[in-house]
Amino acid sequence: MDDIVRQAIAKWPNVPHCFGWLGLDARGNWYMRDDKAQAAGPFAGGPAAGKGSLLKHDKLIDFIARNYESDPAGQWFFQNGPQRVYVELEATPLVWRIGNAPDFSVTAHTGRSARVQRCILDEHGRVYLETDLGFGLVHTQDMVQASDAIEQGLWVPAEVTTSDLPRRFSYVRSPAAGRKTST
């Protein structure tokens, strides 16, 4: 976490959390979700209008990446100064990029390197990795490298159904949905 963020938290400790305004897609792209995008539907599985606007500003993306983490309940957030901005996830909290053989290095969409602990395969053939940084989906452009690591026996996939992933790997896809109450 950036020092300036820590200082802001200390200065303003009681800023309310923000829900529904930031999303992460299955390819590691960040989306800003204004009122219109949120009204169009959920980030994951909803209409394209529900995703919001793709963030393209490199310095903002880097700032988000440096200050992205999870809380004890498995909800991922971006610490924006004193405010937590909880993230809506299309798939998983991390998206992995895989290097070429022979090392098959693993790097999160945030730029942080990781060590693979376990490989997971779902019923759709998607590959996930549990690492020392957390759980995430392998980027679609890196499936060749992932399949090479599996074929070489470096990663041995366990099969898990997609619906079981959030519970099994302790993450929340939609912190905003958990906040809604029925009337």
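Side-chain atoms are counted along with the backbone in the values below, which use heavy atoms only and exclude waters and symmetry mates.
Both L60 and L22 are assigned to one and the same hydrophobic cluster, defined by single-linkage of ILVMFWY side chains at heavy-atom distances under 4.5 Å. Hydrophobic clustering (ILVMFWY, side-chain heavy atoms < 4.5 Å, transitive): Y171 and F19 are in distinct clusters. The cluster map of Ile, Leu, Val, Met, Phe, Trp and Tyr, joined by side-chain heavy atoms under 4.5 Å apart, puts L54 and F78 in different clusters.
Aromatic rings from Y128 and F169 are positioned such that their centres are separated by 6.0 Å or more. Between Y68 and W76, the distance separating the two ring centers is shorter than 6.0 angstrom. Taking the six-membered ring for Trp and the full ring otherwise, H109 and W30 have centroids separated by under 6.0 Å. Taking the six-membered ring wherever Trp is involved, the centroid distance between the rings of H57 and F63 does not fall below 6.0 Å.
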| Stepwise, does the side-chain contact (heavy atoms from CB on, under 4.5 Å) test hold for H17 with Q83? | CA-CA 6 Å; H17 301 320; Q83 184 175 54; 5.7 Å; no

| task | Decide yes or no on salt bridge (Lys or Arg N to Asp or Glu O under 4.0 Å) for K51 and E90, but give the supporting numbers first. | result | CA-CA 9 Å; K51 273 197 167 182; E90 183 175 36; 3.4 Å; yes

| said: Using the rule given for side-chain contact (heavy atoms from CB on, under 4.5 Å), can you reason through W96 versus H139, listing the C-alpha separation, both sets of side-chain angles and the distance that settles it, and then say yes or no? | reply: CA-CA 6 Å; W96 304 116; H139 194 286; over 6 Å; no

| task | List the steps and the verdict of side-chain hydrogen bond (donor to acceptor under 3.5 Å, both in side chains) for T131 and Q117. | result | CA-CA 5 Å; T131 74; Q117 297 170 336; over 6 Å; no

| L24 and E88: CA distance, side-chain angles, deciding distance, side-chain contact (heavy atoms from CB on, under 4.5 Å) verdict | CA-CA 6 Å; L24 177 69; E88 298 294 296; over 6 Å; no

| task | Might you work through the side-chain contact (heavy atoms from CB on, under 4.5 Å) test for V87 and W21, ending with a clear yes or no? | result | CA-CA 7 Å; V87 178; W21 287 83; over 6 Å; no

| Does the pair Y86 and R84 meet the rule for a side-chain hydrogen bond (donor to acceptor under 3.5 Å, both in side chains), with working shown? | CA-CA 6 Å; Y86 281 92; R84 282 187 180 182; 3.2 Å; yes

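The two residues A37 and G52 come nearest to each other via the heavy atoms CB-CA, 3.6 Å. Nearest approach of A108 to L133, heavy atoms of both residues: CB-CD1, 4.5 Å. Closest approach of Q145 to G99, counting heavy atoms only: CG-O, 3.5 Å. A pairwise comparison of heavy atoms in I98 and A146 identifies CG2-N, 4.5 Å as the closest pair.
The shortest side-chain heavy-atom distance between E159 and D122 does not fall under the 4.5 Å cut-off. Using a 4.5 Å heavy-atom threshold, the side chains of T92 and F135 count as touching. You'll find the side chain of I64 reaches within 4.5 Å of the side chain of L55, heavy atoms only. Counting heavy atoms from C-beta on, the side chains of W155 and L121 never come closer than 4.5 Å. The shortest distance between side-chain heavy atoms of F104 and Q152 falls below 4.5 Å. Residues R27 and T140 meet the side-chain proximity criterion, which asks for heavy atoms closer than 4.5 Å. Side-chain atoms of I120 and L165, non-hydrogen and from C-beta on, do get closer than 4.5 Å to each other. For the pair H124 and T162, the minimum side-chain heavy-atom distance is below 4.5 Å.
The distance from the CD atom of Q79 to the CG atom of D71 is 10.5 Å, given to the nearest 0.5 Å. For the atom pair I61 CD1 and K56 NZ, the distance stands at 10.0 Å (nearest 0.5 Å).
Checking side-chain atoms of E130 against main-chain N and O of C119 turns up no donor-acceptor pair under 3.5 Å. Judged by distance alone, the side chain of N29 and the main-chain N or O of D25 form no donor-acceptor pair under 3.5 Å. Between the N67 side chain and the D2 main chain, a donor and an acceptor come within less than 3.5 Å of each other.
Through direct or indirect side-chain contacts shorter than 4.5 Å among Ile, Leu, Val, Met, Phe, Trp and Tyr, V144 is connected to no other residue.
A donor-acceptor pair shorter than 3.5 Å cannot be found between the side chains of T107 and R112. Side-chain contact check for Y31 and R33: no donor-acceptor pair (N or O, by modelled atom type) lies under 3.5 Å. Residues Q75 and S70 bring no donor and acceptor atom of their side chains to less than 3.5 Å of each other. T161 and E123 share no side-chain donor-acceptor pair at under 3.5 Å.
Within 6.0 Å of CZ on R126 lie more than 12 heavy atoms contributed by other residues, nucleotides or ligands.
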